[in-house]
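The block underneath contains the structure these notes are about, expressed in structure tokens.
Residue numbers begin at 1 in each chain, while the letters A, B, ... track the order of the sequences.
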Number of protein chains: 2
Amino acid sequence: MTDTTEAVYELLQMVRPLHRRVARSVAEHLKEAGIGVGERAVLALLVEGEPRSVPAIGRALFLPRQNVQKWVDGLLRAGLVERRPNPAHRRSHLIAATDEGRDLFAQIRARETRAIAELAGRLSPSDVKVASDVLAACLEHFSPFEDDPDRPGPLA
Amino acid sequence: MTDTTEAVYELLQMVRPLHRRVARSVAEHLKEAGIGVGERAVLALLVEGEPRSVPAIGRALFLPRQNVQKWVDGLLRAGLVERRPNPAHRRSHLIAATDEGRDLFAQIRARETRAIAELAGRLSPSDVKVASDVLAACLEHFSPFEDDPDRPGPLA
DNA sequence: GTCAATTTGACATATAAGATGTCATATTGA
DNA sequence: TCAATATGACATCTTATATGTCAAATTGAC
């Protein structure tokens with residue numbers, strides 16, 4: 001085992017606590033908006049990108065379509081997203097953010113930006129870039145292959 | 001909003017998917033050992049550190065003692081940890097890893113090390129170090145203050 | 001030493017993320 | 001055309017994590 005392996009291990013050890021604390025903080029401010037982190041992730045994808053079908057959202061987020069369906073149902077009820085006809089599929093509608101959804105997400109983003117501005121001020125831009133690249137490599141390493149979901153991951 | 005703020009935002013965006021994929025991978029290989037990620041975290045703390053009381057474990061992991069208690073109960077039943085008298089407290093035992101617990105954790109660590117060795121080989125040691133420092137800063141930024149758990153986090 | 005504030009164990013419940021299963025229908029590709 | 005696959009629309013299950021309560025133990029201020 002190299003020192004780098006040890007260092008990567010320790011890096012990955014930090015991911016769970018970090019996720020938990022960020023998720024708690026985010027969940028708290030999302031409560032006012034009446035949505036959870038799942039809904040937020042879907043809304044972010046739809047605000048920042050193209051309308052997609054529910055299964056396509058699931059594939060984009062690496063989440064099962066069944067969970068995404070629930071979150072989309074909630075967002076539909078809240079009027080934050082809407083169904084549009086899908087030229088490529090009769091039953092499978094495209095889901096798109098509404099203006100209300102875009103407004104809400106803009107508020108969420110603004111609040112989150114304020115929350116991390118102080119943190120960002122203490123970090124070097126190049127270091128953040130390096131960290132992003134390292135995390136992206138980790139993400140890729142632990143990603144199931146889209147074309148073979150049953151392929152075992154690195155730990156199997 | 002500076003570019004760094006934007007970069008930190010995108011970095012934090014990666015934390016949830018990364019956590020999910022790593023957790024899934026870890027959970028899969030932990031199933032054979034009959035424990036979950038919660039039990040693994042407790043066991044890791046006790047194997048690598050000193051015996052602690054249940055609330056002390058919770059404080060170390062930033063987790064409520066009630067959750068830790070459940071995981072410790074499971075580890076006790078499995079013989080992976082044991083109770084020891086606590087000189088500083090009559091009712092609140094110290095929890096310590098048993099030899100079985102140490103053996104199991106060594107196996108878990110070995111497997112995890114094998115799983116990330118390939119990934120580590122593609123990364124520069126200094127980049128990993130930078131990433132660790134950046135994540136540590138994020139962790140600290142989102143940490144509730146121990147002496148005032150009700151203090152709002154950065155997003156509140 | 002006394003007593004109020006805090007900590008702990010024990011138990012109980014709530015919520016949310018996420019995984020998994022099924023079945024009928026729609027779609028696609030060989 | 002027809003078998004394989006994708007989708008919608010359910011439903012169930014596990015686990016992590018949060019939260020609440022209460023009595024007993026402990027601690028710290030006085």
Just the atom pairs and distances: protein N or O near nucleotides 19-22 of chain D's N or O, under 3.5 Å.
from, atom 1, to, atom 2, distance (Å)
D:dG20, O6, B:Gln66, NE2, 3.1

Pairs under 3.5 Å (N/O, protein and nucleotides 25-28 of chain C):
from, atom 1, to, atom 2, distance (Å)
C:dT25, O2, A:Arg91, NH2, 3.0
C:dA26, O4', A:Arg91, NE, 3.4
C:dT27, OP1, A:Arg90, N, 2.7
C:dT27, OP2, A:Arg90, NH2, 3.0
C:dT28, OP1, A:Ala88, O, 3.3

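Judged by distance alone, with hydrogens and angles left aside, the side-chain atoms of A:Arg102 form a donor-acceptor pair with the main-chain N or O of A:Val47 at under 3.5 Å. No donor-acceptor pair under 3.5 Å is formed between the side chain of A:Glu28 and the backbone N or O of A:Ser25. A distance-only check finds a donor-acceptor pair linking the side chain of A:Thr98 to the backbone of A:Gly79 [under 3.5 Å].
No side-chain N or O of B:Asp103 forms a donor-acceptor pair with one of B:Gln107 less than 3.5 Å apart.
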Fill in: Test log, rule side-chain contact (heavy atoms from CB on, under 4.5 Å), inputs A:Glu32 and A:Arg111
CA-CA 12 Å; A:Glu32 301 171 21; A:Arg111 188 164 194 171; 3.1 Å; yes
Fill in: Stepwise salt bridge (charged side-chain N to carboxylate O under 4.0 Å, His left out) test for A:Glu82 and A:Arg84
CA-CA 7 Å; A:Glu82 64 185 5; A:Arg84 291 187 191 167; 3.3 Å; yes
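In this structure, A:Glu28 atom CD and D:dA18 atom C1' are separated by 12 Å, rounded to whole Å. We find that CG of A:Leu63 is positioned 15 Å from P of D:dT7, with the value rounded to whole Å. The interatomic distance linking B:Leu30 (CG) with D:dT15 (P) rounds to 12 Å, in whole Å. Rounded to whole Å, the distance from NE2 on A:His19 to P on D:dA18 is 11 Å. Note: CZ (B:Arg20) to C1' (C:dA16) measures 13 Å, nearest angstrom. To the nearest angstrom, P of C:dT8 lies 13 Å from CZ of B:Arg52. As rounded to whole Å, 11 Å separates atom P of C:dA19 from atom CZ of B:Arg21.
A rotation axis mapping the C1' atoms of four pairs onto the next four is fitted at both ends of the helix from C:dG1-D:dC30 to C:dA30-D:dT1 over five pairs, and the angle between these axes is 50° to 10 degrees.
Residues A:Leu63 and A:Trp71 are in side-chain contact: their nearest non-hydrogen atoms beyond the backbone lie under 4.5 Å apart. The closest side-chain heavy-atom distance from B:Glu48 to B:Phe105 is below 4.5 Å. In this structure, the side chains of A:Leu46 and A:Leu80 stay at 4.5 Å or more apart for every pair of heavy atoms. Using a 4.5 Å heavy-atom cutoff, the side chains of B:Ile108 and B:Ile35 are in contact.
Interface residues of residues 69-85 of chain A facing DNA chain C, ordered by number: A:Lys70, A:Trp71; criterion, heavy-atom separation under 4.0 Å. Scanning residues 37-44 of chain A for heavy-atom distances under 4.0 Å to DNA chain C yields A:Val37, A:Gly38.
For B:Arg109 and A:Glu6, the salt-bridge test passes: some basic side-chain N is under 4.0 Å from an acidic carboxylate O.
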For residues 115-136 of chain A, run the donor-acceptor check on the side chains, cut-off 3.5 Å, and write out each pair with its distance to 0.1 Å, sequence neighbours left out.
from, atom 1, to, atom 2, distance (Å)
A:Glu118, OE2, A:Arg122, NH1, 3.4
A:Ser124, OG, A:Ser126, N, 3.3
A:Ser124, OG, A:Ser126, OG, 3.0
A:Ser124, OG, A:Asp127, N, 3.0
A:Lys129, NZ, A:Asp133, OD1, 3.2
A:Lys129, NZ, A:Asp133, OD2, 2.8
A:Ser132, OG, A:Val128, O, 3.4

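Using a 4.0 Å cut-off, some side-chain N or O of B:Arg59 falls inside it from OP1 or OP2 of C:dT8.
Within a 6.0 Å sphere centred on CD of A:Glu50, other residues, nucleotides and ligands contribute 12 heavy atoms or fewer.
For the pair A:Arg21 and B:Phe62, the distance from NZ or CZ to the six-membered ring centre is under 6.0 Å and the angle to the ring normal is within 45 degrees.
Across all their heavy atoms, B:Leu76 and B:Arg83 have their closest contact at CD2-N, 4.0 Å.
At a threshold of 4.5 Å between side-chain heavy atoms, the hydrophobic network of Ile, Leu, Val, Met, Phe, Trp and Tyr places B:Val81 and B:Leu94 in two separate groups.
Between B:Arg16 and B:His93, the residue whose closest nucleotide on DNA chain C is further toward the 5' end is B:His93.
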